[in-house]
Every structure is written in C-alpha cells, then in structure tokens.
Amino acid sequence: MAKANLLVVDDNTALHGTLEILLMKYFKEISCLASPKQMMRTLQKKTYHVILLDMNFVAGVNSGNEGIFWLQEIKKAYPEISVVLMTAYGDIELAVKGLKLGATDFIVKPWENQKLVATVKAAADLSLSMNKVRDLEQKSVAMKAEMNKNAVQIIGDSPAIKQMLSLIQKVAVTDTNVLITGENGTGKELVARAIHALSNRQEELMVGVDMGAVSETLFESELFGHVKGAYTDAHKDRAGKFELAHRGTLFMDEIGNLSFTLQAKLLAALQNRRITRVGANEPIPVDIRLVSATNKDLFAMVEEESFREDLLYRINTIQIEVPPLRERGEDIIVLAEHFLQQLADKYQKGKLELKVDARNKLLKYAWPGNIRELQHTMERAVILAEGQQLGAHDFILKPNQKGNADLSGLTLAEAEGLLIKKALDDHPSNISAAAEHLGVSRQTLYNKIKKLDL
C-alpha cells in the first residue's frame with residue numbers, strides 16, 4: 001500500500017493530524033486541504049490514488065451539494081482516483097447518491113478507526129488496479145502500433161500492380177474474407193498487411209500463422225489455445241492465434257498445406273465464430289477478419305479431393321492474385337533500386353547506381369524466385385561491390401536448368417512461351433503438374449496458354 005498517495009479534503013483542520021497518524025503507515029504520502037477550491041490544482045501537480053472528501057464546507061450549510069459537485073469534478077478529470085465521501089450519520093441517503101455518481105465508498109462521522117482504515121485501503125487497492133489496467137491498455141495500444149507499423153509499402157507502377165492495389169483498396173474496408181494467391185516470393189504477406197492497414201481493424205493486431213509449419217498434433221493448441229494441464233507440456237494457460245487476433249486480422253499463410261482432417265476443424269471455427277481451448281469446455285467467441293494465402297491451386301485440389309470445397313468458399317469471398325515479378329516489367333528496376341539503396345545504407349556502401357548493362361540483365365531474367373530472389377541478388381551484389389556503379393558482371397543469376405532453351409536475347413513473351421511449351425511437353429495431359437513445375441497456379445497457366453495462343 002506504500003505505493004499509494006492520499007489527499008484529505010476537509011475544512012475541519014483538527015481532523016488532518018488525526019487522519020495522518022491513523023493512515024500514515026498505509027500510504028506513501030498524505031496531503032491535507034482545508035478547501036476543495038485548491039483541490040484541482042493540487043491534483044494537477046501530483047498523482048493521488050484516494051481522496052477523502054468531506055460533503056460540506058460552507059458554515060451553516062449541510063446539504064452535501066458541495067461534496068456532490070466536487071465528486072463529479074474529480075471523476076470527470078481523474079476517473080481512476082478513488083473518492084471516499086465523509087458524511088454525518090443523517091446524510092447517508094446523500095452518500096448513496098454519491099456512490100451512484102462514482103464515489104468508491106463512504107464513511108460516517110464519527111468513524112470507527114478500523115472501519116476507516118479498511119475502507120481507505122480498499123479504495124487504494126481499487127485505484128492502483130485501475131492505474132495498472134490503464135497502463136496496460138496504453139502499452140497494448142503502443143505495442144499494436146509498433147507491430148503494425150512495418151506494414152505497408154508495395155512498390156511498383158506496372159499495370160498489374162495498379163490493378164492489384166485498386167482491388168486491395170476496395171476489399172480492405174470490408175470485413176470479407178480474402179484469399180491471396182501467387183507464386184513463392186511475390187509478396188503475399190505484404191498484400192495481407194496492406195489489407196489490414198487499410199481496414200477498420202487497423203488499430204488491432206494482425207496475427208500471422210504459417211499453416212505449413214503447424215503439425216497435426218499442435219494444430220488445435222496453436223490456433224485455439226489450451227488450458228493448464230491439457231497435455232504433458234501444457235504448464236500454463238495459453239491463448240491461441242484466434243484469440244490473439246480477436247477484433248483484428250488473422251493471416252493464415254500456406255493454407256493449402258493443411259490436411260483434410262485439420263481443414264474440417266478450421267471450417268468449424270470459422271462457421272461458428274467461436275473456439276474452445278484444448279482441455280476446456282467453455283467456448284470463446286472470436287471476431288476475426290480472415291486473410292489466407294497460398295501458392296497452390298486450391299480449385300484443382302478440390303477436384304482432386306485434397307481440399308474441402310466448403311472451406312475454399314468460406315475463405316475465398318474475394319481472391320487477389322499477386323503477379324509474378326517477370327510480369328511487372330520496369331517494376332523490376334524500381335524494386336532493384338529500392339533494395340540497392342536500402343542495402344547500401346545497411347552495409348554503409350554510400351550511394352550506389354546500376355549501369356545500363358546491369359539494368360538490361362535484370363530485366364531479361366525470369367526471376368523464378370520473384371521479389372525474394374531479387375532482394376537476395378541485390379544484397380549479394382551490394383556486399384561484394386567494389387565501386388559505386390554496379391554492372392552486369394556484379395549480378396550472379398541462376399543459369400538455365402538443364403534441358404531448357406537458351407532465353408538470352410528473347411522478349412519476355414517469347415521466353416515465357418518457350419518455358420510453357422517445355423513444361424507442357426514434360427508433363428503431357430497434366431496441366432496441374434506443368435503449373436507446379438513452372439511455379440504458377442493452374443488458372444494462371446491456363447491464362448498464359450490462352451494469351452500466348454499455345
């Protein structure tokens with residue numbers, strides 16, 4: 001209790017010393033005022049946790065209205081301060097009115113010392129708890145802001161990116177579930193963060209979970225949480241991803257890797273909008289906005305009966321396809337220069353520039369690893385750079401795989417055509433296998449075949 005401060009406001013100064021002696025061992029500091037007119041200024045200068053407030057201050061006036069007035073002023077400016085009213089025996093009805101207006105408790109003059117101490121200590125406990133809750137809420141807001149601030153910079157000006165950004169802006173302001181598709185390394189998580197940052201849930205957390213990394217045995221614990229003793233290593237209660245994302249966004253990456261059994265459990269949680277921790281019986285309501293991502297063709301998986309159709313339609317109200325880097329034209333150079341300066345600062349290389357031959361080499365490359373591969377390529381070049389201008393020789397790109405045609409000197413469309421023909425030849429009558437070999441969805445491959453008239 002030595003953490004709390006007490007302010008006594010009573011025009012009977014003879015009581016000040018008595019109260020200080022009685023309560024001094026329970027409070028860090030006790031201050032006394034004879035008039036409430038000084039009270040608000042005093043509260044601005046120091047933090048007080050409890051105020052012992054008399055109800056009457058003007059001689060001959062016993063209505064208690066002064067105490068009620070100052071109680072309301074205190075609670076308006078400092079709602080976390082506990083106010084204990086001091087009243088005469090005949091004014092108990094007035095004190096009850098004070099309780100309804102926010103007073104913590106009241107004591108009757110003349111008081112019993114034991115009763116006074118217990119009342120004021122309880123009021124201090126309440127105020128300290130409210131201060132702790134307020135501090136935790138402020139820290140929570142700051143933490144959420146810190147965690148969310150790393151969202152959202154989707155770089156590029158290509159038609160494909162403009163179209164995607166337009167769709168993101170339309171979808172983000174709704175609460176609809178979104179499925180983000182695209183090849184590995186295209187930036188699907190960045191798209192998810194952009195959706196969250198533009199949504200009505202932006203003040204809350206976006207909680208991510210890699211479904212490909214969640215084992216069958218830990219799935220329910222990871223997503224729904226568990227209670228202490230639910231299984232051998234459950235040493236304490238633990239909230240799952242659904243609870244952590246409550247009122248925010250839950251991002252499920254690699255959702256296509258879920259087994260058929262786990263898909264059913266996920267579907268039940270999404271349909272019921274409630275989860276039950278492992279080892280518990282009481283269901284917990286959850287309010288989440290679901291954003292999922294995959295590099296797999298879920299529609300083909302539905303046909304193959306490896307993905308539930310009802311789950312697909314639950315997660316796929318809106319689908320956003322992230323274009324591969326090779327379809328983004330000059331965005332390759334825009335991104336390369338972005339990474340170049342970012343990494344130059346990181347490795348203290350000064351201002352670096354790309355030579356024309358380096359730009360041409362980067363533009364002609366197919367980037368099977370997409371943006372992730374570009375970033376790693378730029379980092380390697382920056383680390384090994386010996387001058388301020390980087391040429392084609394500074395960039396080590398993957399050679400063509402054995403059996404592939406030489407793509408040097410071809411346009412992007414011509415190179416794509418050769419690669420697609422090769423994949424179709426290697427996987428006759430199996431579009432899904434050809435698409436997987438190329439690292440694209442089956443729908444994307446269909447679109448390419450139609451566009452290139454293959």
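Remember, predicted model here, so these are calculated numbers, not experimental data.
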Audit row: L340, L390, side chain to side chain contact (heavy atoms under 4.5 Å, CB included) steps and yes/no: CA-CA 10 Å; L340 187 67; L390 302 184; 3.5 Å; yes

Side chain to side chain contact (heavy atoms under 4.5 Å, CB included) between M55 and I68, intermediate numbers included: CA-CA 7 Å; M55 298 289 287; I68 294 296; 4.1 Å; yes

Candidate pair V191 and E321, rule side chain to side chain contact (heavy atoms under 4.5 Å, CB included), full reasoning: CA-CA 10 Å; V191 172; E321 178 88 18; over 6 Å; no

I195 vs I320, side chain to side chain contact (heavy atoms under 4.5 Å, CB included): CA-CA, chis, key distance, verdict: CA-CA 11 Å; I195 292 170; I320 296 177; 4.0 Å; yes

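In this structure a side-chain-to-backbone donor-acceptor pair under 3.5 Å is missing from H338 to G156. In this structure a side-chain-to-backbone donor-acceptor pair under 3.5 Å is missing from N316 to L312. No donor-acceptor distance shorter than 3.5 angstrom exists from the side chain of S166 to the backbone of K162, with no hydrogens or angles considered. Side chain of D394 to backbone of A385: no donor-acceptor contact under 3.5 angstrom is found. Formation of a donor-acceptor pair under 3.5 Å by the Q388 side chain with backbone atoms of K351 is found in this model. With hydrogens and angles ignored, the 3.5 Å screen pairs a side-chain donor or acceptor of H16 with a backbone N or O of D10. With hydrogens and angles ignored, the 3.5 Å screen pairs a side-chain donor or acceptor of D331 with a backbone N or O of S158. When atom types are taken as modelled, the side chain of K188 and the backbone of G182 share a donor-acceptor pair closer than 3.5 angstrom. Checked by atom type and distance alone, the side chain of R289 never pairs as donor or acceptor with a backbone atom of L250 at under 3.5 Å.
Here the options are E220, E243, E222, the test is salt bridge (Lys or Arg N to Asp or Glu O under 4.0 Å), and the partner is R238; only E222 passes. Of the candidates I275, D310, L290, L290 is the only one forming a side chain to side chain contact (heavy atoms under 4.5 Å, CB included) with L270. When each of N295, N370, T444 is paired with E183, the side-chain hydrogen bond (donor to acceptor under 3.5 Å, both in side chains) condition holds for N370 and for no other. Shown are L244, I255, L223; of these, the side chain to side chain contact (heavy atoms under 4.5 Å, CB included) with V209 is made only by L223.
Under the rule for a side chain to side chain donor-acceptor pair (under 3.5 Å), D345 has no partner lying at least two apart in sequence or in another chain. Q319 is linked by a side chain to side chain donor-acceptor pair (under 3.5 Å) to T181, counting only residues two or more places apart in sequence or in another chain. Scanning for salt bridge (charged side-chain N to carboxylate O under 4.0 Å, His left out) contacts around E80 gives R134, with sequence neighbours left out. Every residue meeting the salt bridge (charged side-chain N to carboxylate O under 4.0 Å, His left out) condition with R273, not counting sequence neighbours, appears here in chain and number order: D287. Scored by the side chain to side chain donor-acceptor pair (under 3.5 Å) test, D54 finds K109 as partners (sequence neighbours excluded). Take T217 and apply the side chain to side chain donor-acceptor pair (under 3.5 Å) test, not counting sequence neighbours, and it matches S215. Checked against salt bridge (charged side-chain N to carboxylate O under 4.0 Å, His left out), E337 has the following partners two or more places apart in sequence or in another chain: R359. Checked against salt bridge (charged side-chain N to carboxylate O under 4.0 Å, His left out), K170 has no partners two or more places apart in sequence or in another chain.
One distance of note links CG of D210 with CD of E189; it measures 9.5 Å at 0.5 Å rounding. Between atom CG of residue L335 and atom CD of residue Q342 there is a gap of 10.5 Å, rounded to the nearest 0.5 Å.
Residue pairs satisfying the ring-ring contact (aromatic ring centres under 6.0 Å, His included) criterion with at least one member in residues 242-275, sequence neighbours excluded, are listed as follows: F224-F242. The salt bridge (Lys or Arg N to Asp or Glu O under 4.0 Å) pairs that include a residue from residues 171-180 are D175-R201, where partners are two or more places apart or lie in different chains.
No side-chain heavy atom of Q443 sits less than 4.5 Å from a side-chain heavy atom of F299. The closest side-chain heavy-atom distance from L19 to W111 is below 4.5 Å. Put simply, the side chain of V117 reaches to within 4.5 Å of the side chain of L23, judged on heavy atoms. Looking at L43 and L7, their side chains come closer than 4.5 Å, going by heavy atoms from C-beta outward. Considering only heavy atoms from C-beta on, L266 comes within 4.5 Å of L311 through its side chain. With a 4.5 Å cut-off on side-chain heavy atoms, K296 and N257 count as touching. Proximity of M130 to L126: side-chain heavy atoms (C-beta onward) are separated by under 4.5 Å at one or more points. The shortest side-chain heavy-atom distance between S292 and N177 does not fall under the 4.5 Å cut-off.
Counting all heavy atoms, side chain and backbone alike, T47 lies closest to N5 at O-ND2, 2.8 Å. Nearest heavy-atom pair, I154 versus A194, reported as atom, atom and distance to 0.1 Å: CD1-CB, 3.9 Å. Annotation for A245 and I288: closest pair O-CG2, 3.5 Å, computed over non-hydrogen atoms. The shortest heavy-atom contact between A344 and L352 is CB-CD1, 3.9 Å. Closest non-hydrogen pair, K75 versus P79, comes out as NZ-O, 3.0 Å. The two residues L362 and I332 make their nearest non-hydrogen contact at O-CG2, 3.7 Å.
Counting non-hydrogen atoms of neighbouring residues, nucleotides and ligands closer than 6.0 angstrom, the CE atom of M40 exceeds 12 such neighbours. The 12-atom threshold is not exceeded at NZ of K97, counting heavy atoms of other residues, nucleotides or ligands nearer than 6.0 Å. Applying the 6.0 Å contact sphere to CD of E304 captures more than 12 heavy atoms from other residues, nucleotides or ligands. No more than 12 heavy-atom neighbours from other residues, nucleotides or ligands sit within 6.0 angstrom of CD on Q163. Heavy-atom contacts from other residues, nucleotides or ligands closer than 6.0 Å to CD of E112 number 12 or fewer.
Side-chain atoms of T261 and E216 include no donor-acceptor pair closer than 3.5 Å.
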Using residues 229-237 as the side-chain source, report each donor-acceptor pair under 3.5 Å to any protein atom, sequence neighbours left out, with the distance given to one decimal.
unit_1	atom_1	unit_2	atom_2	d
Y231	OH	S221	OG	3.1
Y231	OH	H226	ND1	3.1
D237	OD1	K228	N	2.7

Mind listing the side-chain donor-acceptor pairs of residues 376-384 below 3.5 Å, one per line with the distance, residues two or more places apart or on another chain?
unit_1	atom_1	unit_2	atom_2	d
T377	OG1	E373	O	2.8
E379	OE2	Y347	OH	2.4
R380	NH2	I396	O	2.8

